[in-house]
Asks: 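Before I ask anything, let me first share the structure, which is written out below as structure tokens.
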Amino acid sequence: MQRQSQLLPRHLLRGISPTRSCFSLVVSLITLALATSVADATPPRPPDQEVACEILVAGGGLAGAASAYESLLAGRTVCITDITDWVGGQISSQGTSALDERPTQRQQLFYPQGYLEFRESIRRKYGRLNPGQCWVSESCFMPYDGHKLLFDQLERAAKRGKGTLKWYPNTVIKELDISPTQEGEQIQSAVAIQIEPAPGQPPVNAEPLSQILEDAYRYENSARFHKTIVRFVPMTGDRNSRNANNTIAQPAQWYVIDATETGELIGLADIPYRLGVDPRSPLEPSSSSAEGNPYCTQGFTYTFAMQATKEPQQHVKPDFYDRYAPYYSYELERLANFNLVYTYRRIWSENYQKTLPSNPREYPINPGDISMQNWTWGNDYRPGTAQDNLIYTRQQLESTGQLEPGGWMGGLRNETLEAGEEHAIGFFYWLVQGTTDSQLGDGVKQPNPNHRYLAGLDSPMGTANGLSKYPYMREGRRIIGRPGWGHPDGFTVWEIDISRTDYSDEFYRTNLEPEAYRRLWESLSGLQTLEAIGERPNLEGRPSRSRSTIFPDSVGIAHYAIDFHPCMTLSPPEAPGNTELEGERRGAGTAYPFQIPLRALIPQRIDNLLIAGKSIATSHIAAAAYRVHSFEWSSGVAAGVTADFSLEKGILPYQLVDNLPQREPQLEALQTRLVDSGNPIAFPNTSIFNNTWEDWR
């Protein structure tokens with residue numbers, strides 16, 4: 001069962017009115033109980049395997065890999081699942097193998113130890129860090145190498161730490177057994193489905209994700225796939241039943257880490273979370289909506305690779321091209337240059353040159369060069385309405401039966417996935433043959449036929465259709481942390497915690513109520529100025545915001561701009577004349593270096609669940625910065641080390657922070673462990689007395 005904390009599940013109790021007669025109530029209960037027994041008949045057969053772990057990591061992206069890496073170094077038995085057959089997420093299965101990094105952090109190599117190890121493995125593999133000579137990053141490389149290098153790194157970590165790695169590719173979590181405990185609730189087991197081709201069928205990656213997703217979440221074998229049902233359970237024995245002093249029973253036998261790309265376990269467990277745009281408030285003052293908009297998440301992208309050729313290629317126009325052509329564009333006049341777009345994320349340079357022109361428009365493109373495409377007005381797909389949103393809201397999950405026991409199907413709209421796949425393939429045709437531009441008009445776009453689309457199981461993306469195995473997800477479900485000191489409605493990292501925005505702009509005075517406007521300035525000033533608490537704050541001479549919020553429970557760091565790929569206003573996204581949702585880019589801009597607080601990794605209600613990656617407790621605007629490669633790794637480190645520490649010390653993660661702002665000795669011990677193992681939790685010279693962060697641009 002998905003939940004066992006009540007005699008009848010909550011979704012069955014909702015339909016019973018307290019004004020009904022006793023007879024009607026009895027009939028209702030019998031009917032509902034029968035319905036429950038039918039629903040709970042899944043899985044259709046006993047699990048084929050029962051696998052014990054100390055730490056179960058759902059999602060093998062960078063956050064999940066980092067969680068596993070640190071746990072393996074600590075000697076833990078780690079089970080890790082992924083819907084694809086590659087680890088690495090952004091650097092592999094999602095195809096965005098171009099490390100998003102800020103120059104200052106990169107110049108000082110101020111990253112976690114495992115992330116630095118991965119960067120160095122790229123250098124060793126190719127003899128250079130940037131084999132593609134891309135200009136978006138100092139490191140662009142082949143996605144299939146991203147998987148291999150990272151998986152090798154996990155195996156080395158297991159060997160060094162004497163841990164055990166149990167890797168489950170092509171595997172999805174289908175059900176969670178959640179039960180009450182003395183403290184709250186805990187996940188007791190997880191049921192997963194692993195797919196492999198049925199006899200005589202092609203490999204899994206012979207078909208796009210949209211064509212196999214629903215099948216992957218069904219228990220029954222199909223003509224296409226043979227299914228293995230796996231039940232993950234906690235390990236038993238002295239190590240996990242007693243604490244480090246061998247005197248106190250463990251409050252949790254294992255930990256589950258949700259490192260999926262959309263916050264899948266969050267939706268499945270039905271714990272509090274946000275999706276899409278948050279309502280405008282003193283903490284999220286640049287929001288595009290006064291009420292919020294759960295359907296408007298950042299766009300997702302199916303990446304692909306294309307190779308320059310000596311001779312022009314024959315390109316066949318896809319049947320669906322005319323549907324999507326009204327969308328494609330270089331976007332801005334300063335970007336309207338094919339060489340610029342092609343070399344932006346070039347992942348392989350056939351003739352490596354030690355010196356390149358200062359202007360990327362003049363970068364040479366040689367036959368054999370390979371470029372990965374990830375372009376906002378190109379292969380980004382940006383739905384934003386209730387008719388086409390990719391990630392189902394809670395209401396949509398409930399209406400489609402996915403919150404029923406055994407009803408989980410991944411929480412995504414399959415039709416939108418398929419449209420995103422077509423949209424990406426159409427963008428390649430636009431790049432090589434297109435002559436229209438939706439934003440810049442006629443006469444700008446010229447054909448570039450000397451290129452071929454790279455498809456096949458041996459292609460950079462490892463798929464028959466040449467698209468990434470999974471779309472690059474910029475935003476998923478985001479938990480609401482637990483209520484506590486300073487956060488009565490649940491912990492969240494908000495826009496004003498990280499943004500460099502000048503909030504003296506007239507927009508904020510005009511669009512916030514007077515009380516909300518006053519509270520904005522109270523928050524920005526930390527109540528240090530009399531002007532901030534007046535009815536009309538005196539903006540002249542006020543101290544400017546000069547750093548991000550310093551969190552006492554920081555367990556990691558990151559730095560990136562608040563970077564938006566906004567949803568579109570109308571459905572479908574490719575509709576002629578469609579526009580980005582008004583106001584969505586207002587919150588975009590530079591950010592101060594920021595921290596990852598432990599409270600952002602701890603969900604409500606379930607005590608042995610931790611969150612890593614893009615689904616930690618951030619707002620919609622803050623999430624636009626908390627999503628790049630090094631952040632994902634840092635958040636995964638925090639989750640993995642916290643899980644190991646909690647098992648060792650016999651403490652639940654929320655107990656590390658439940659007495660803030662008072663001192664938390666166990667929290668300090670955890671932070672010391674992170675720092676001592678080469679995982680920074682603060683930027684140099686971070687202090688409440690240091691307000692000069694201008695060097696960290």
Side-chain angles (χ1 to χ4, degrees), residues 84-86 88-98 132 134 136-137 140-147 204-212 261 299-309 313-321 323-325 327-330 338 340-349 365 368-382 416-434 447-474 565 573-574:
T84 75
D85 56 352
W86 282 357
Q90 291 194 52
I91 60 164
S92 57
S93 60
Q94 296 174 41
T96 48
S97 50
C134 64
V136 69
S137 170
C140 295
F141 48 91
M142 294 288 198
Y144 52 57
D145 284 332
H147 159 70
V204 172
N205 294 307
E207 293 182 83
L209 179 65
S210 66
Q211 301 306 303
I212 66 171
E261 300 301 323
F300 68 92
T301 306
Y302 273 103
T303 59
F304 59 85
M306 56 190 292
Q307 185 174 41
T309 60
Q313 304 295 300
Q314 293 295 318
H315 300 289
V316 179
K317 183 172 126 176
D319 294 340
F320 46 75
Y321 177 75
R323 169 182 168 181
Y324 301 99
Y327 174 90
Y328 303 128
S329 173
Y330 280 130
F338 181 82
L340 193 76
V341 173
Y342 189 85
T343 59
Y344 186 51
R345 288 187 174 91
R346 182 168 52 187
I347 56 179
W348 174 253
S349 180
I365 298 177
D369 286 1
I370 298 174
S371 174
M372 175 267 291
Q373 291 302 320
N374 174 16
W375 196 255
T376 304
W377 282 88
N379 48 336
D380 273 12
Y381 201 62
R382 301 192 276 164
T416 298
L417 268 183
E418 184 174 11
E421 292 162 351
E422 293 180 345
H423 186 84
I425 294 172
F427 179 54
F428 169 76
Y429 186 80
W430 182 84
L431 282 170
V432 295
Q433 292 293 114
N448 300 276
N450 289 39
H451 296 85
R452 67 186 183 97
Y453 182 86
L454 296 180
L457 299 179
D458 59 348
S459 68
M461 301 298 171
T463 60
N465 70 351
L467 297 177
S468 54
K469 299 185 177 190
Y470 196 87
Y472 169 41
M473 300 299 303
R474 294 181 177 86
H565 294 236
E574 66 275 9

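Every value quoted in this text rests on a predicted model; they were computed, and no experiment measured them. Side-chain atoms are counted along with the backbone in the values below, which use heavy atoms only and exclude waters and symmetry mates.
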Asks: Who are the side-chain contact (heavy atoms from CB on, under 4.5 Å) partners of T416, not counting sequence neighbours?
Replies: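 F300, Y381, P383, D388, L390, R413.
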Asks: Test side chain to side chain contact (heavy atoms under 4.5 Å, CB included) on H147 and D85; report intermediate values, then the result.
Replies: CA-CA 9 Å; H147 159 70; D85 56 352; over 6 Å; no
Asks: Any non-hydrogen side-chain atom of I91 less than 4.5 Å from a side-chain atom of T96?
Replies: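 In short, these two side chains do not touch, never coming nearer than 4.5 Å.
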Asks: Quick one: side-chain hydrogen bond (donor to acceptor under 3.5 Å, both in side chains) partners of T376, sequence neighbours excluded?
Replies: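 So T376 forms a side-chain hydrogen bond (donor to acceptor under 3.5 Å, both in side chains) with H565.
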Asks: Taking the six-membered ring for Trp, are Y344 and W375 parallel (under 30°), tilted (30 to 60°) or perpendicular (over 60°)?
Replies: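 Judged by the thresholds at 30° and 60°, the geometry between Y344 and W375 is perpendicular.
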Asks: Should Q313 and R452 be marked as a side-chain hydrogen bond (donor to acceptor under 3.5 Å, both in side chains) after you check the CA-CA gap, both sets of side-chain angles, and the distance that decides it?
Replies: CA-CA 7 Å; Q313 304 295 300; R452 67 186 183 97; 5.9 Å; no
Asks: Which heavy atom of S92 sits nearest to which heavy atom of G146, and what is that distance?
Replies: CB-C, 4.3 Å
Asks: Excluding sequence neighbours, so at least two apart, what forms side-chain contact (heavy atoms from CB on, under 4.5 Å) with P447?
Replies: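 With neighbours one apart ignored, the set is T435, P449.
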Asks: Return yes if some donor-acceptor pair links the side-chain N/O of S97 with the main-chain N/O of F141 below 3.5 Å, else return no.
Replies: yes
Asks: Kindly give the heavy-atom pair with the smallest separation between S93 and T84, and that separation in Å.
Replies: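 Taking every non-hydrogen atom into account, CB-OG1, 3.6 Å.
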Asks: According to side-chain hydrogen bond (donor to acceptor under 3.5 Å, both in side chains), who are the partners of T301, at least two apart in sequence or on a separate chain?
Replies: D380, R474
Asks: Salt bridge (charged side-chain N to carboxylate O under 4.0 Å, His left out): which pairs involve residues 299-309, sequence neighbours left out?
Replies: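 Every candidate salt bridge (charged side-chain N to carboxylate O under 4.0 Å, His left out) pair involving residues 299-309 fails, so no pair, neighbours aside, qualifies.
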Asks: Measuring from atom CE of M306 to atom CD1 of I347, what distance do you get when rounded to the nearest 0.5 angstrom?
Replies: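 Rounded to the nearest 0.5 Å, the CE-CD1 separation comes to 11.5 Å.
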Asks: Could you tell me the separation between the CD1 atom of I370 and the CD atom of Q307, rounded to the nearest 0.5 Å?
Replies: 4.5 Å
Asks: Return the set of residues passing ring pair (Phe, Tyr, Trp, His ring centres under 6.0 Å) with F428 (not counting sequence neighbours), or none when no residue passes.
Replies: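 Ring pair (Phe, Tyr, Trp, His ring centres under 6.0 Å) list for F428, sorted by chain: H315, Y453.
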Asks: With sequence neighbours excluded, what pairs up with T463 under the side-chain contact (heavy atoms from CB on, under 4.5 Å) test?
Replies: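 For T463 the side-chain contact (heavy atoms from CB on, under 4.5 Å) partners, ignoring immediate neighbours, are N205, M461, N465, K469.
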Asks: Given side chain to side chain contact (heavy atoms under 4.5 Å, CB included), test R346 with M372 step by step and report yes or no.
Replies: CA-CA 6 Å; R346 182 168 52 187; M372 175 267 291; over 6 Å; no
Asks: Please list, chain by chain and in numerical order, all residues satisfying salt bridge (charged side-chain N to carboxylate O under 4.0 Å, His left out) with E574, sequence neighbours excluded.
Replies: R323
Asks: Going by salt bridge (charged side-chain N to carboxylate O under 4.0 Å, His left out), name the residues that satisfy it together with E418, two or more places apart in sequence or in a different chain.
Replies: none
Asks: Which heavy-atom pair separates P460 from P143 by the least distance, and what is that distance?
Replies: O-CB, 3.4 Å
Asks: Can you tell if the side chain of P471 reaches within under 4.5 Å of the side chain of L209, non-hydrogen atoms only?
Replies: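 P471 reaches L209 side chain to side chain.
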Asks: Using the side-chain hydrogen bond (donor to acceptor under 3.5 Å, both in side chains) rule, collect all pairs that involve residues 422-431, keeping only residues at least two apart or in two chains.
Replies: Y324-E422
Asks: Is any side-chain heavy atom of L467 closer than 4.5 Å to a side-chain heavy atom of T303?
Replies: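 No; the side chains remain at least 4.5 Å from each other.
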Asks: Strictly distance-based, threshold 3.5 Å: is any side-chain N or O of T309 a donor or acceptor partner for the main-chain N or O of N450?
Replies: yes
Asks: For F427, run the ring pair (Phe, Tyr, Trp, His ring centres under 6.0 Å) check against Y302, Y327, Y328 and tell me which one passes.
Replies: Y328
Asks: Does a donor on one side chain sit under 3.5 Å from an acceptor on the other, for S210 and E421?
Replies: yes
Asks: A98 and C140: which non-hydrogen atoms are nearest, and at how many Å?
Replies: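 Closest pair (atom of A98, atom of C140, distance): CB-SG, 3.4 Å.
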Asks: For R345, which residues count as a salt bridge (charged side-chain N to carboxylate O under 4.0 Å, His left out) partner, sequence neighbours excluded?
Replies: none
Asks: Using the rule given for side chain to side chain contact (heavy atoms under 4.5 Å, CB included), can you reason through I425 versus F304, listing the C-alpha separation, both sets of side-chain angles and the distance that settles it, and then say yes or no?
Replies: CA-CA 8 Å; I425 294 172; F304 59 85; over 6 Å; no
Asks: Please identify each residue that fulfils ring pair (Phe, Tyr, Trp, His ring centres under 6.0 Å) with W348, with sequence neighbours left out.
Replies: none
Asks: With rounding to the nearest 0.5 Å, note down the distance linking CE in M142 to OG in S459.
Replies: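 Going from the CE atom of M142 to the OG atom of S459 covers 9.5 Å.
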Asks: Mind running side-chain hydrogen bond (donor to acceptor under 3.5 Å, both in side chains) on Q373 and S371 for me, showing each step along the way?
Replies: CA-CA 6 Å; Q373 291 302 320; S371 174; 2.9 Å; yes
